[in-house]
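What follows is one structure encoded as structure tokens, with my remarks underneath.
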Amino acid sequence: MSARRRPWGIVTVLAFGYAFLYVPIALLIIYSFNESKLVTVWSGFSVKWYGELARNEQLLTAAWLSLRIAFASACGATVLGTMAAYVLDRFGRFRGRTLMTGMIAAPLVMPEVITGLAMLLLFVAMEQLTGWPEGRGSTTIGIAHTTFATAYVAIVVRARLKQIDRSLEEAALDLGAKPWRVFFAITLPIIGPSLAAGWLLSFTLSLDDLVIASFVSGPGSSTLPMVIFSSVRLGVSPQINALATVFVVTVAVIVFTAGRLLTRRDRPRPASRA
């Protein structure tokens, strides 16, 4: 009897876990169609908040700024993190390797308040010494996000590099291929999924960041989390639910499309007839 009950217990735990994660998201989507101004009181079905969202220049401007910063910082973090991971994994022991490893891992354990304050002091000192960056804005936010996201990319890519069969690269080198050719033709395609994972993780972290952006931003450069946080203190508007629904649906479509493409690519092809 205990063996029969065990699968039902696992299913119950999984169902509770999934419900705990996704029921709030489902409620957020449902209440984005609420006619009432109160996000916790249902008064009828309506799509007027999507129309209000389309006319809210502050939210749309902040969302577009956050997307641009997240895209740029994710690209920069992917390049820098991949370079750092390759150096740490393939260059063996060199002077300063321990220090480099610690500096890369520092943003993972450093409180965001400390990181934001340190970045602010750095930008102020750079502006006084060199005149750049002039003030705080999207540039300083992008640099700050690239800095802490690089650590995440480096860890993800380095873990994948350790799993690669080095004999493939060594065979290509023995056949006369240049090191850069080996990297782009063999290493890069193998670590491609980890690069994509690191890019998506960096994009999400940048889009979600509030604390660091609050330190290094300036007038006219408020990101979406900053605008939402400032508006929440005055009361949550149903427009926030509508905006969150747009993001959730967009991400779901992208993930579903990517999954379908990967499934088709990994599906075994039928043997061609002669």
Can you see which heavy atom on [X] is nearest to which on [Y], and at what distance?
{"X": "Leu60", "Y": "Ala54", "answer": "CD1-O, 3.4 Å"}
{"X": "Ser202", "Y": "Ala74", "answer": "CB-CA, 3.8 Å"}
{"X": "Ile228", "Y": "Ser231", "answer": "O-OG, 2.8 Å"}
{"X": "Pro225", "Y": "Leu207", "answer": "CG-O, 3.2 Å"}
{"X": "Gly198", "Y": "Thr78", "answer": "C-OG1, 4.5 Å"}
{"X": "Pro133", "Y": "Thr140", "answer": "CG-CG2, 3.6 Å"}

Are [X] and [Y] connected in the hydrophobic side-chain network, where two residues link if heavy atoms are under 4.5 Å apart?
{"X": "Phe247", "Y": "Val253", "result": "no"}
{"X": "Leu205", "Y": "Phe203", "result": "no"}
{"X": "Ile30", "Y": "Tyr18", "result": "yes"}
{"X": "Met110", "Y": "Met103", "result": "no"}
{"X": "Val182", "Y": "Trp180", "result": "yes"}

Please verify the inter-ring angle class for His145 with Phe148; under 30° counts as parallel, over 60° as perpendicular, anything in between as tilted.
perpendicular

Enter the distance from [X]:[atom1] to [Y]:[atom2] here, rounded to the nearest 0.5 Å.
{"X": "Leu65", "Y": "Met226", "atom1": "CG", "atom2": "CE", "result": "9.5 Å"}
{"X": "Leu210", "Y": "Leu224", "atom1": "CG", "atom2": "CG", "result": "10.5 Å"}
{"X": "Ile155", "Y": "Thr150", "atom1": "CD1", "atom2": "OG1", "result": "11.5 Å"}
{"X": "Ser138", "Y": "Ile69", "atom1": "OG", "atom2": "CD1", "result": "5.5 Å"}
{"X": "Ile186", "Y": "Arg181", "atom1": "CD1", "atom2": "CZ", "result": "9.0 Å"}
{"X": "Ile240", "Y": "Asn56", "atom1": "CD1", "atom2": "CG", "result": "8.0 Å"}

Side chains of [X] and [Y] in contact at under 4.5 Å (non-hydrogen atoms):
{"X": "Tyr86", "Y": "Phe91", "answer": "yes"}
{"X": "Glu112", "Y": "Asp209", "answer": "yes"}
{"X": "Val156", "Y": "Tyr152", "answer": "no"}
{"X": "Val113", "Y": "Phe215", "answer": "yes"}
{"X": "Leu168", "Y": "Ile190", "answer": "yes"}
{"X": "Val227", "Y": "Leu59", "answer": "yes"}
{"X": "Gln239", "Y": "Arg55", "answer": "no"}
{"X": "Ile164", "Y": "Leu161", "answer": "yes"}

With respect to Ile212, which candidate in Thr115, Ile141, Ile114 satisfies the side chain to side chain contact (heavy atoms under 4.5 Å, CB included) definition?
Thr115

Other residues, nucleotides, ligands: >12 heavy atoms within 6.0 Å of [X] [atom1]:
{"X": "Gln163", "atom1": "CD", "result": "yes"}
{"X": "Tyr22", "atom1": "OH", "result": "no"}
{"X": "Phe94", "atom1": "CZ", "result": "yes"}

Quick one: do Leu188 and Leu195 satisfy side-chain contact (heavy atoms from CB on, under 4.5 Å)? Show the steps, please.
CA-CA 9 Å; Leu188 195 61; Leu195 295 181; 3.4 Å; yes

Ser221 side chain to Ser217 main-chain N or O, any donor-acceptor pair under 3.5 Å?
no

Between Arg97 (side chain only) and Gly92 (backbone N and O only), is there a donor and an acceptor less than 3.5 Å apart?
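Flag set: sc Arg97 to bb Gly92 pair under 3.5 Å.
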
Is there any side-chain hydrogen bond (donor to acceptor under 3.5 Å, both in side chains) pair reaching into residues 61-76, and which pairs are they, with sequence neighbours excluded?
Ser73-Ser206

Kindly state each residue pair satisfying side-chain hydrogen bond (donor to acceptor under 3.5 Å, both in side chains) with at least one member in residues 27-36, sequence neighbours excluded.
Ser32-Tyr50, Ser32-Thr245

I would like to know whether Lys178 and Phe183 meet side-chain contact (heavy atoms from CB on, under 4.5 Å); could you show each step before the answer?
CA-CA 9 Å; Lys178 300 294 183 181; Phe183 177 79; over 6 Å; no

